[in-house]
Amino acid sequence: MAEELDTHAQQMLRFKDGDEASFIELVNLYKQRVFAFAFRFLGNAEDAEDAAQEVFIKIYNAKDKYAPKAKFSTWVFTIARNTCLNMLEKRGRKGLFVSLDEKTGPDEDSPGLQVADRADLQPPELLARRELAAAVKAALDSLPENQKTAVLLCRYEDLSYDAIAEVMDCSVKAVKSLLHRAKAGLADKLSGLLK
Amino acid sequence: MDCKKAREMAADDASGALDPAGKAELEAHLKGCEACRREAELLSKAWQALDKYVAPELGADFVDSLMEKIKAGQAAEQDEAFSFAGWWKVPALALASCAVYLVCIETGLMPSRQYVPEAQDAAGSISGIFSESQEPGGGSLLNLVEGADQ
């Protein structure tokens, strides 16, 4: 492979050579991203945190066999996706819809579904945002898993089509098709709120 | 450009994946097509609305908890290795080998050596040779004892 190793892959190789601090650094760099991906995939924070831990345990245990064939982030999200899929199978599909009042954060005191709100918003606007956030979650959850995965990786992780194709083990053409259908599905579900 | 193609390009444009040439082509179509313009707007708004779905922050103890799990997993693996192989393995294998050997001798699967006394000197010492027993079951330990008595 002609391309230079990305810095995170190099860190992983240092961990492979025995530098455990490099592993901790990688965890700190990726933990929130992996958790957020799992959270949006699985729908609740508790399962997402378990999934995120499992991802890093797999990475830790794979160090002796690690050989960088792709970008490190691509590898991490491949593991994350497979871990979430396995978790869905093991635990069964949980309810797709979470009420706004249900605690979905990792701590008991965490608020329900979080919204990107501002302190100066009046309550009606805040309610509208919360309603939209819940509707977005519901719309995402209604998508087939492969479309949802493509959206999560494209929209929230900003992965290229090539990287998404590698994570999902499909062609770039298939990724584009999945995203087209996902976007049409989302637009259809959210049309009532977005007009 | 037909509307089907325009809607596909609008979907790409919503996520910023359309190149400048494609964007120009799309905009030209949208200027003259109300339905496609509304569709493109909706696609774009739906894509932007995904921002509203915010993931919570991970707890501060995630890394510590992770490393504890990893160390616990390593300790469990070591315990498992010791409990299986451990110091029971060697004597257990030795006993098993002896048992198999004796069973083979008793059943004649393995020929045994029978002590055949050749002579007994005046002092009563017996000297003899060990010969291969040709008889089935002739490998019994009893035969060695009987042979010694003869």
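Chain letters run A, B, ... following the sequence lines, proteins first and then strands; every chain starts at 1. Since we're looking at a predicted model, the values are computed, not measured.
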Check your understanding: How about B:Leu43 and A:Leu186: do any of their side-chain heavy atoms sit closer than 4.5 Å?
Key -> no
Exercise for review: Decide if atom NZ of B:Lys5 counts as having more than 12 heavy atoms of other residues, nucleotides or ligands within a radius under 6.0 Å.
Suggested key: no
Point to revise | NZ-CG distance between B:Lys69 and A:Asp50, expressed to the nearest 0.5 angstrom | key: 5.5 Å
Revision key, fill the gap. What one should report as the nearest heavy-atom pair of A:Ala45 and B:Pro56 is CB-CG, 4.5 Å
Exercise for review: Before accepting this row, confirm whether a basic side-chain N of the pair B:Asp51/A:Arg155 lies closer than 4.0 Å to the acidic partner's carboxylate O.
Suggested key: yes
Check your understanding: Which atoms of A:Phe37 come close to chain B, meaning under 4.5 Å heavy atom to heavy atom: side chain ones, backbone ones, both, or neither?
Key -> neither
**Study point:** Residues B:Lys71, A:Glu20: salt bridge by 4.0 Å N-O rule
**Key:** yes
**Study point:** Residue part contacting chain B, namely of A:Leu140, when any heavy atom lies under 4.5 Å
**Key:** side chain
Review point. Minimum heavy-atom separation for B:Lys52 to A:Ala133, with atom names?
Key: O-CB, 3.6 Å
Revision key, fill the gap. So, the part of B:Ser44 with a heavy atom under 4.5 Å from chain A: the answer is neither
Review point. When heavy-atom pairs shorter than 4.5 Å are enumerated against chain A, which of B:Ala49, B:Gly73, B:Gly16, B:Ala14 gives the highest number?
Key: B:Ala49
Review point. Do other residues, nucleotides or ligands put more than 12 heavy atoms under 6.0 Å from B:Asp2 CG?
Key: yes
**Study point:** Atom of B:Ala55, atom of A:Gln32 and distance for their closest heavy-atom approach
**Key:** O-NE2, 4.5 Å
**Study point:** Derivation and outcome, side-chain contact (heavy atoms from CB on, under 4.5 Å), residues B:Leu66 and A:Lys31
**Key:** CA-CA 11 Å; B:Leu66 169 69; A:Lys31 64 183 183 184; over 6 Å; no
Check your understanding: A:Ile57, A:Phe35: one ILVMFWY side-chain cluster at the under-4.5 Å cut-off?
Key -> yes
Practice item. Output the distance between atom CD1 (B:Ile70) and atom CG (A:Asn61), rounded to the nearest 0.5 Å. Key: 7.0 Å
Practice item. Look at the aromatic rings of B:Tyr53 and A:Tyr156 and report parallel, tilted or perpendicular, splitting at 30° and 60°. Key: perpendicular
Review point. Is it the case that one hydrophobic cluster holds both A:Ile59 and B:Leu58, taking links as side-chain heavy atoms less than 4.5 Å apart, direct or via other members?
Key: yes
Check your understanding: Picking from B:Glu41, B:Glu39, B:Glu8, which has the most non-hydrogen pairs under 4.5 angstrom with chain A?
Key -> B:Glu8
Point to revise | A:Ala48 portion near chain B, given a 4.5 angstrom heavy-atom threshold | key: neither
Review point. To the nearest 0.5 Å, what is the distance between CE (B:Met67) and CD1 (A:Ile24)?
Key: 4.0 Å
Study note, to complete from the structure: Separation between CH2 (B:Trp47) and CG (A:Leu190), nearest 0.5 Å, reads 12.0 Å
Study note, to complete from the structure: Here the gap from B:Arg7 atom CZ to A:Lys183 atom NZ, rounded to the nearest 0.5 Å, amounts to 15.5 Å
Practice item. Check whether any side-chain heavy atom of B:Phe62 lies under 4.5 Å from a side-chain heavy atom of A:Gln53, and answer yes or no. Key: yes
Review point. To the nearest 0.5 Å, how far apart are CD in B:Gln74 and OH in A:Tyr60?
Key: 4.0 Å
Practice item. Is it possible for you to say whether B:Ile105 and B:Val103 belong to one hydrophobic cluster, with membership spreading through side-chain heavy-atom contacts below 4.5 Å? Key: no
Review point. If two hydrophobic side chains count as joined below 4.5 Å and joins carry through other members, does A:Met168 share a cluster with A:Leu42?
Key: yes
Check your understanding: Is B:Met9 reachable from B:Leu42 through a run of hydrophobic residues whose side-chain heavy atoms are each under 4.5 Å from the next?
Key -> no
Check your understanding: So does A:Lys176 have more than 12 non-hydrogen atoms from other groups sitting under 6.0 Å from NZ?
Key -> no
